[in-house]
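As structure tokens, the structure follows; a few thoughts come after it.
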Protein chains: 2
Amino acid sequence: MTKSKQKNTEDNAEKKIVEAARKLFTSKGYDAVKTRDIAEEAGINIALLNYYFRSKEKLFEIIMVENMQKFFNGFSQILNDEKTTYRKKIELIVSNYIDMILKAPDTPLFVLNQAKLYPECVQVRKIVMNSCFMKQLQDAIKSKEIAPINEINLMLNIVSLSIFPCIARPIFQTGEGSLTHDRFVELMNERKKLIPKWIFATLKIK
Amino acid sequence: MTKSKQKNTEDNAEKKIVEAARKLFTSKGYDAVKTRDIAEEAGINIALLNYYFRSKEKLFEIIMVENMQKFFNGFSQILNDEKTTYRKKIELIVSNYIDMILKAPDTPLFVLNQAKLYPECVQVRKIVMNSCFMKQLQDAIKSKEIAPINEINLMLNIVSLSIFPCIARPIFQTGEGSLTHDRFVELMNERKKLIPKWIFATLKIK
DNA sequence: GTCTATACAAAGATAGAC
DNA sequence: GTCTATCTTTGTATAGAC
């Protein structure tokens, strides 16, 4: 079968194009990236991009779906795990997002920019409101274990504290005497423990 | 003086171009906006855009500076007001940002995208670390009035809780049974009171 | 100051050779 | 599958009439 003669090699053109597109689209967005940039980054000819993916738009879609999944998949799994407590879920959401951010620092801003353009593509509120996590939370409020809190507020707080620091990082990372990469990683790893503590403290307020 | 014959009218072309550019650049960014879009939005000919501003880039710079000032000016003023306590400063930062966000909801994401492209243009860490607010905070820690907390963490928490919800709004605002505009405004106004409470709660943790 | 027309440049997509 | 060459479309900037 001559068709699959390239399937075994690791760095074929198709793969290199996707990798280049992932890097560029994720960090700069659709409009700022030119097909010629992708071709150069991948070390191939522009014509090949169209040969494999038909258009810039189709290629972008692949990268967008990838990023959306990276951003939301772990999240909804954690929220609906019947075996963990709501407190454990909070810890897991935080560490899950911080790990993701340290590995793929461009993904959050990419996803948020995309979500602004196409809000209809992202359906998080429903996922959150119908989740196992929400039920556990409402039970804890009913039994007076924790003080009443608006569920949207709580969810916003958890993701804000986890994700925003990575988005705002360029603002805090100025020239001299500033937040180095290593220090930032250290800080975010500390926050894995601290954010759940802070969140639990807010749940005690009457 | 024939030169200023248009200065008095309210809706001259120059002004209309800036307004159109503000709207489009702030919501979509530099690359996604075409000069023809701006001209159409302003109801003028493309040629006029070049006549008044020489290029798309120069026009963009005007809008960028506007947005940066909108985002940072109030912030550094509040941080350095000698007459307010650190607790009052926290309340003011929160309500200042939430007010700004409700009035100009596109500005935060615009600024963060810009800051990522040109981190050297934004010098916030220095402003925060050398501020009156920081000194007051360190005094409060020394006198055991509050538990020790990393200053960067505290600052991150305050701005995360205030700003992120507006950036993440499209994610939570799905089709049916969802966060309407009015409900969002209400929620954010509630958060003006709640965020300082939450922050103060975290300052009590040993 | 404002418009029309147009030049000039960049970007996306395709045909056809190898 | 990959390249060169080229076409089309789109975007930016300018010249010149009114």
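Just so it is clear: chains get the letters A, B, ... in the order the sequence lines come, proteins before strands, and each one is counted from 1. As the structure is a prediction and not an experimental result, all values here were calculated from the model.
Remark: C1' of D:dG11 and OH of B:Tyr30 are 10 Å apart, rounded to the nearest angstrom. B:Leu48 has its CG atom 12 Å from the C1' atom of C:dT4, to the nearest Å. Across the protein-nucleic acid pair, B:Asp31 atom CG and C:dA10 atom C1' stand 13 Å apart, rounded to whole Å. Following rounding to the nearest Å, B:Ile17 (CD1) and C:dC3 (C1') show an atom-to-atom distance of 13 Å. Look at CG on A:Leu24: it is 15 Å from C1' on C:dA11, rounded to the nearest Å. Taking atom NZ on A:Lys58 and atom C1' on C:dA13, their separation rounds to 14 Å, with Å as the unit. Between the P atom of D:dG11 and the CG atom of B:Asn50 lies a distance of 15 Å, rounded to the nearest Å. For A:Lys16 and D:dC3, the NZ to C1' distance is 14 Å, given to the nearest whole Å.
Heavy atoms only, all atoms of each residue included: B:Ala13 and B:Tyr52 are closest at CB-CE1, 4.0 Å.
Base engagement by A:Tyr51 is indicated by at least one non-hydrogen atom pair under 4.0 Å involving a base atom.
With DNA chain D read from its 5' end, the first of the two nearest nucleotides for A:Glu14 and B:Thr35 is the one closest to A:Glu14.
Within residues 37-47 of chain B, the residues that have a heavy atom under 4.0 Å from DNA chain C are, in order of number, B:Asn45, B:Ala47.
Partner B:Val94 forms a side chain to side chain contact (heavy atoms under 4.5 Å, CB included) with one of B:Ile163, B:Leu194, B:Ile195 and no other, that one being B:Ile195.
Using cut-offs of 30° and 60° for the angle between ring planes, the B:Phe25 and B:Phe60 rings count as perpendicular.
In terms of the salt bridge (charged side-chain N to carboxylate O under 4.0 Å, His left out) criterion, residue partners of B:Glu41 (sequence neighbours excluded) are, by chain and number, B:Lys23.
For A:Arg54, the listed nucleotide lying nearest its side chain is C:dT14; candidates were C:dG12, C:dT14, D:dT14. Here the nucleotide nearest the side chain of A:Lys34, chosen from D:dT12, C:dA13, C:dA11, is C:dA11. Of the candidate nucleotides C:dA11, C:dC3, D:dG1, C:dA11 has the atom nearest to the side chain of A:Arg36.
Side chains of B:Ser95 and B:Lys192: a donor-acceptor N/O pair is absent below 3.5 angstrom, by distance only. Under the 3.5 Å distance criterion, with hydrogens and angles disregarded, a donor-acceptor pair is assigned to the side chains of B:Arg191 and A:Asn157.
By the 4.0 Å N-to-carboxylate-O rule, B:Lys16 lies too far from B:Glu19 to be salt-bridged with it.
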